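Since the structure comes first, as structure tokens, the remarks are kept for the end.
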Amino acid sequence: MTTMSSAEPTRRDFLYIATGAVGLVGAAATLVPLVSQMNPDASTIAAGAPIEVDLTPIAEGQVIKVFWRGKPIFISHRTKKEIDEARAVNVSSLPDPQADQDRVKKGHDQWLVLIGICTHLGCIPLAHQGNYDGWFCPCHGSQYDTSGRIRQGPAPYNLALPPYAFLTESKIVVGETQPGKEASGETQPKKEA
Amino acid sequence: MLRHILTAVLAGSLIGLIAPHPVAAQDEGKEHPYEAPPPPRLTWSFAGPFGKFDQAQLQRGFKIYKEVCSLCHGLSMLSFRNLSQPGGLGYTDAQVKQLASEFTVRDGPNDQGEMFDRKGRPADRFPSPFPNDNAARARYNAVPPDFSVIAKARTYERGFPWFILDGLTQYQEQGADYIAAYLSGFEDKPPPSVHLPSGVQFNKYMPGGGTSMPKPVQIYDKLVQYDDGTPASVEQYSKDIAAFLMWAAEPQLEARKRIGFQVMVFLIVLAGLLYFTKRKVWSKVHGHA
Amino acid sequence: MSGPSTYQPKNPVLKWLERRLPIGGLIYSSFVAYPTPRNLNYWWTFGGILAFLLTVQIVTGIVLAMHYTPHVDYAFNSVETIMRDVNYGWLLRYLHSNGASMFFLAAYIHMFRGMYYGSYKEPRELLWILGVILLLLMIMTGFMGYVLPWGQMSFWAATVITNLFSAIPVVGESIVTWLWGGYSVGNPTLNRFYALHYLLPFVIAGVVALHVWALHVVGQNNPTGIEPKSEADTVAFTPYATIKDSFLMVVFCILYAWFVFYLPNYLGHADNYIPANPAVTPTHIVPEWYYLPFYAILRAIPNKLMGVAALGTSIVILAFLPWLDTSRVRSANYRPLYRQFFWIFVAVCIGLGWLGSKPAEGGYVIAARILTAYYFIHFFVILPLLGLYEKTKPLPNSISESILAPARAGTVT
């Protein structure tokens with residue numbers, strides 16, 4: 001057998017390299033369906049489609065709960081008192097600073113739509129409880145105000161906002177950032193104060 | 001000696017294999033079970049390794065399902081949203097939303113604990129005409145089968161050697177051929193040697209000849225108008241509904257054949273590379289090719 | 001696995017590992033340096049193909065199990081959800097169902113190879129018996145897996161096969177009730193079949209490990225049937241066997257892909273797309289193709305208990321093959337008379353398979369009885385007698401010699 005220079009690949013090595021490369025591509029391609037099958041299937045995605053909520057039955061001061069994508073959504077018809085309380089707070093003193101105006105849609109200050117999952121460890125907070133007239137989480141004592149912002153307790157962030165839009169004055173669609181445009185993510189990006 | 005005995009035994013068993021054939025043609029006049037002819041083989045756009053569904057045909061077939069078949073037959077494993085998925089009928093999401101709202105689905109329980117009806121949404125399944133099999137049987141004395149996988153649940157005996165050749169020619173459309181034949185096979189009077197109980201219809205292609213399904217009047221009187229202007233006939237209806245049912249049973253057919261082609265090309269290339277690699281490696285071994 | 005390993009890793013991490021848990025050395029001595037007869041033909045690849053298919057079945061099975069519901073009201077629909085909604089679900093399902101067929105195809109070829117070349121003879125009797133155990137485990141696993149989609153054939157196959165046990169005198173009925181978990185095949189049956197179907201492949205994997213261990217102790221058989229005598233008779237497993245096996249495995253995958261992508265329901269039965277109905281029996285209850293020969297034997301015997309006994313014996317008799325075949329010569333290459341009987345036996349098995357798919361009427365029954373009788377005559381009469389009276393051809397002196405001067409035209413080298 002003649003000695004070959006190991007510096008440059010020979011024709012024989014090219015064959016080995018080609019075979020190995022094609023084999024690796026095949027192995028990688030085999031992984032695709034195995035990994036992909038664990039992603040949400042078509043029926044789950046369909047069940048997570050946007051839902052429309054009629055606001056007319058919700059009385060002032062009332063908070064209702066609907067489900068979207070398996071998560072509880074709080075829809076709160078705020079009283080003037082609750083709105084004023086939320087606006088009176090010094091934003092920079094908040095653990096998670098955010099103005100109330102940035103947490104509602106323009107011209108619809110009385111409607112607060114939140115994902116009802118405590119940002120601490122995921123329990124569902126209770127409405128109209130706690131020191132701030134907002135929500136109280138019984139698991140570890142987090143307290144949220146009338147804008148759903150964290151005021152006291154171990155939760156790090158304000159209650160998250162789902163994507164939603166007003167179709168009419170009395171109807172919203174949860175799950176679309178604008179009417180007819182389905183949201184891909186869960187929450188709206190926070191606006192800088 | 002042993003060899004001769006064994007040859008004889010084998011010959012005997014071969015004769016045993018070839019000789020019997022159930023129901024010889026010689027039994028004229030005797031009561032014997034009706035032997036349905038094999039359904040004619042039709043050409044389908046989705047047959048073969050590069051087959052694709054004909055969207056216009058699927059839409060026509062769906063129209064027949066909606067206006068004729070859905071009165072008795074469910075499609076419970078399909079959802080309205082399937083009508084807009086790729087490899088299918090080619091409807092848009094907006095069209096599907098509109099179409100779904102034309103159906104009434106049962107939902108509930110509501111806050112009062114009652115079930116209620118509402119307009120369909122894309123994520124809903126197709127509603128079945130009966131809440132359960134017993135209700136169907138009470139109404140019709142038989143249970144009309146659900147159509148979701150019926151094109152894969154029906155076939156016919158191909159016999160030797162055709163069933164081997166089918167594996168080479170990729171003939172997988174037995175269900176569609178049978179359904180198209182069955183639908184066009186209703187005849188008002190059975191042949192004289194076939195006696196069917198009352199309430200049972202004669203169908204030329206049904207094994208045994210009798211079916212509990214009544215002759216579909218809308219098909220035979222050509223009452224369904226096609227939106228794309230295709231002329232109506234029993235044969236056309238039969239073909240179109242069979243194609244739609246094939247899609248309903250195998251909505252992923254186009255993706256399967258497309259990915260299959262890619263996989264086959266890949267495997268053939270890899271096999272070739274491995275073959276030459278193997279030869280190169282083994283050339284080192286003295287005395288071996 | 002005899003003698004100290006020749007594996008000396010240079011990498012410090014591998015050296016650390018090797019001193020504490022010598023997996024590297026084990027893999028090296030079993031699959032890299034392992035001396036393999038140099039004259040193995042492609043029939044020897046099927047062991048590796050079986051290991052590959054076991055892996056495929058386990059992997060596809062586990063991902064399918066993530067979406068399947070083992071309850072009589074939901075099973076059929078959950079399979080359809082997999083086919084329609086789960087990403088690539090149709091592919092995983094068809095890989096698994098056709099993979100079972102490929103598994104049995106490879107297993108039968110693997111077994112016929114063993115029977116042709118005398119791979120079951122001394123000192124490989126235990127290797128062969130472990131293989132028979134693997135076949136039994138495969139049959140059980142495949143049977144239970146077929147019940148899971150809960151179609152008409154699933155339900156009625158379960159009913160027919162579990163009813164076989166009622167043939168056992170005295171305790172038969174109790175055993176059947178115990179198997180069912182009820183008074184007929186129902187939800188308890190489905191649930192326990194699911195649990196066992198998930199378990200058995202791992203038992204198979206364990207027995208495969210024993211099977212490969214037993215193989216490596218005695219070494220591979222080869223087409224001449226004579227043991228390697230010197231290093232000139234063998235080559236290192238890697239790269240020679242590795243690359244040869246890889247090639248045929250990919251060719252086998254082409255056949256596999258042909259079914260999965262273009263004929264996914266060809267090997268199955270249309271009736272299994274009808275949801276199970278305990279009130280309606282299909283016109284012809286037929287098992288999957290790989291059980292047909294045994295099904296034919298079962299139905300050939302008119303007596304229920306004897307039929308079950310014949311079915312059991314037809315498989316268990318394989319375990320006694322090393323002792324039933326009295327020939328001192330291993331490979332059929334040098335046994336011209338045995339070679340003919342071997343091919344007749346293959347034809348009989350195929351004939352029994354075809355008969356298993358036919359209704360048990362008329363000439364089919366007669367033919368099945370003849371072929372069943374022949375099947376047992378092959379093992380109980382022909383093999384013992386052949387070994388005593390057959391005139392075998394002279395064996396070559398060594399494997400290397402057989403390569404340089406092939407035995408005769410027409411032998412499978």
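Everything numeric here is computed off the predicted structure, so don't read it as measured data. Naming: A, B, ... by sequence-line order, numbering from 1 per chain.
For C/Ile254, the parts sitting under 4.5 Å from any heavy atom of chain B are the backbone and the side chain alike. Heavy atoms of C/Phe259 lying under 4.5 Å from chain B are absent altogether. For chain B, no part of C/Thr242 is nearby; none of its heavy atoms comes within less than 4.5 Å. For B/Ser148, the parts lying under 4.5 angstrom from a heavy atom of chain C are both the backbone and the side chain. B/Asp166 touches chain C through backbone and side chain together, each having a heavy atom under 4.5 Å away. With a threshold of 4.5 angstrom between heavy atoms, B/Glu250 approaches chain C through side-chain atoms but not through N, CA, C or O. The contact between C/Asp85 and chain B is made entirely by side chain atoms (from C-beta outward), counting heavy-atom distances below 4.5 Å. Contacts between B/Glu157 and chain C at a heavy-atom distance below 4.5 Å involve the side chain alone, from C-beta outward. In this structure, chain B has heavy atoms under 4.5 Å from both the backbone and the side chain of C/Pro264. In this structure, the portion of B/Arg81 lying under 4.5 Å from any heavy atom of chain C is its side chain and not its backbone. Only the side chain of B/Pro251 has a heavy atom closer than 4.5 Å to any heavy atom of chain C.
B/Arg256 is not listed as a side-chain neighbour of C/Val260, based on a closest heavy-atom distance of 4.5 Å or more. The shortest distance between side-chain heavy atoms of B/Val149 and C/Phe76 falls below 4.5 Å. By the 4.5 Å heavy-atom criterion applied to side chains, C/Val235 and B/Trp282 are counted as neighbours. At a threshold of 4.5 Å between non-hydrogen side-chain atoms, the residues B/Gln170 and C/Trp258 count as touching. A heavy-atom distance below 4.5 Å is found between the side chains of B/Lys152 and C/Met83. Side-chain contact between C/Tyr266 and B/Phe163 is present, with at least one heavy-atom pair separated by less than 4.5 Å. Between C/Phe247 and B/Phe276, every side-chain heavy-atom pair lies at or beyond the 4.5 Å cut-off.
A donor-acceptor contact shorter than 3.5 Å links the side chain of C/Arg84 to the backbone of B/Ala248. Judged by distance alone, with hydrogens and angles left aside, the side-chain atoms of C/Glu80 form no donor-acceptor pair with the main-chain N or O of B/Met77 at under 3.5 Å.
For the atom pair CG (B/Leu270) and OG (C/Ser246), the distance works out to 8.5 Å, reported to the nearest 0.5 Å.
Counting heavy atoms of neighbouring residues, nucleotides and ligands inside a 6.0 Å radius, atom CZ of C/Phe376 exceeds 12 of them. By the neighbour-count criterion of 12 heavy atoms within 6.0 Å, atom CG of C/Asn277 is densely surrounded, having more than that number from other residues, nucleotides or ligands. The number of heavy-atom neighbours closer than 6.0 Å to CG of B/Asn132, taken from other residues, nucleotides and ligands shown, is above 12.
Annotation: maximal heavy-atom pairing with chain C below 4.5 Å, among B/Asp146, B/Leu253, B/Ile259, B/Ile268, occurs at B/Ile259. Contact count versus chain B (heavy atoms, under 4.5 Å) is highest, among C/Thr283, C/Leu267, C/Ile274, for C/Ile274.
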Given the rule in the side chain to side chain contact (heavy atoms under 4.5 Å, CB included) test, do C/Ile243 and B/Arg279 qualify, once you have shown the distances and angles that lead to the verdict? CA-CA 9 Å; C/Ile243 191 67; B/Arg279 278 178 54 143; over 6 Å; no

Full working for side chain to side chain contact (heavy atoms under 4.5 Å, CB included) between B/Met264 and C/Tyr262: CA-CA 11 Å; B/Met264 289 299 247; C/Tyr262 298 117; 3.9 Å; yes

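Residues C/Leu263 and B/Gly167 approach most closely at CD1-O, 3.0 Å, considering heavy atoms. A pairwise comparison of heavy atoms in B/Ala153 and C/Asp271 identifies O-OD1, 4.4 Å as the closest pair. The heavy-atom pair separating C/Cys253 from B/Leu267 by the smallest distance is O-CD1, 3.6 Å. Summarising the geometry of C/Pro239 relative to B/Val281, their closest heavy-atom pair is CG-CG1, 3.8 Å, with the distance given to 0.1 Å.
A salt bridge does not link B/Lys278 to C/Asp245: none of the charged nitrogens lies less than 4.0 Å from a carboxylate oxygen.
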